[in-house]
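Below you'll find the structure, written out as structure tokens, and then a few comments.
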Amino acid sequence: MDDRELVERAVKSRDVAAFNALARQNQSQVRGLLMRLTRGNHALADDLAQETFLEAWRGITNFRGESSFSTWLYRIAYSRFLMQARKRKPDEPLDDWDGTTPSSEGQAQARIDLERAMKKLAPAESAALTLCFALGLSNTEAADTMQIPLGTLKSHVLRGREKLKVILGDQS
Amino acid sequence: MNDQELDALLATPLPERDVGEFSVLLMEKIAQHEARPARILAWITSGVMLVVIAAACVFGASAIGHVQLGDDTHLLVPAALLGLTLILSYTVLQSVRE
């Protein structure tokens, strides 16, 4: 069953099972996005992901289907991250991350290098690159998700890529 | 690293995460969220029950002339009922929490 049918069931009959199926289908991407934004802080990323899905459940009747359900989730996740980042004290650093995740053991070194390099980007640049590349959103969808103008999104992507090239170039 | 290599690396899907525990936690949170109206209703019901029974006890006792308002010794029965109501309310609350 695809997202659209599950959303319909979740909205019309407040079907928890349908929403659970939706959450299972989308949790990996949402948690992955938040993991990048929180620079590998597993616990924080998962807390924010839980809040994201709970907020989605509470507000599912507001989902009008203008974008895909996953894009809507990314938007909630990103705004949750921004809210959390604003609450965090400025001198309170995010957890240091060595670039590995429980599921990434044995993966290519390039992948680990990328995650390490991502850590050095601004959250907006990291989010823009993750949304546009890893999650396959169009520039318009990514700008809509981050609620920023298209031009700003493009400059985040451009700047992020340039920084990554320099960082990854230095590492190799 | 050239542009194509970087694009390919960036386009690598995010690692799959284990869904089990995450899903269970989420369902628990949703269940708690869904039970909230029932909890609030239980609080209100308990409050109303307390007020009604207390008022009935005091009014009933004074109406049949067994007690004058302000006469502490004869308020023992209404006070006991009040205590019982409190215990009942607490029990209702605990059961709703569970």
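Chain identifiers are assigned alphabetically (A, B, ...) following the order of the sequence lines, protein sequences preceding nucleic acid strands; residue numbering begins at 1 within each chain. All of these numbers come straight from a predicted model, not from anything done at the bench. Worth knowing before you read on, the calculation uses all heavy atoms, side chains too, and leaves out hydrogens, waters and symmetry mates.
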Heavy-atom side-chain contact between Q50(A) and F22(B) under 4.5 Å: yes
Going hydrophobic residue to hydrophobic residue with side-chain gaps under 4.5 angstrom, can you get from V30(A) over to L82(A)? yes
pair E34(B)-W57(A): side-chain heavy atoms closer than 4.5 Å: yes
So, taking the atom named CG in L9(B) and the one named CG in L164(A), what distance separates them when rounded to the nearest 0.5 Å? 8.5 Å
I'd like to verify something: which residue of T12(B), L25(B), D7(B), N2(B) has the highest number of heavy-atom pairs under 4.5 Å with chain A? D7(B)
Identify which part of E5(B) has an atom lying under 4.5 Å from any heavy atom of chain A, answering side chain, backbone, both or neither. neither
Report yes if the side chains of S23(B) and N20(A) come closer than 4.5 Å at any heavy-atom pair, otherwise no. yes
Tell me whether V19(B) shares a hydrophobic cluster with F69(A), the cluster being built from Ile, Leu, Val, Met, Phe, Trp, Tyr side chains joined at under 4.5 Å. no
With heavy-atom distances below 4.5 Å as the criterion, would you say the side chains of D3(B) and R161(A) are in contact? yes
So CG of L26(B) and OG1 of T52(A): to nearest 0.5 Å the spacing works out to 10.0 Å
Heavy-atom check, side chain of E162(A) versus side chain of L6(B), under 4.5 Å: no
Out of M35(A), R31(A), R36(A), which one pairs with L14(B) under the side-chain contact (heavy atoms from CB on, under 4.5 Å) rule? R36(A)
Between I30(B) and chain A, which part of the residue has a heavy atom less than 4.5 Å away: side chain, backbone, both or neither? both
Counting only heavy atoms closer than 4.5 Å, note whether L54(A) contacts chain B via side chain, backbone, both or neither. both
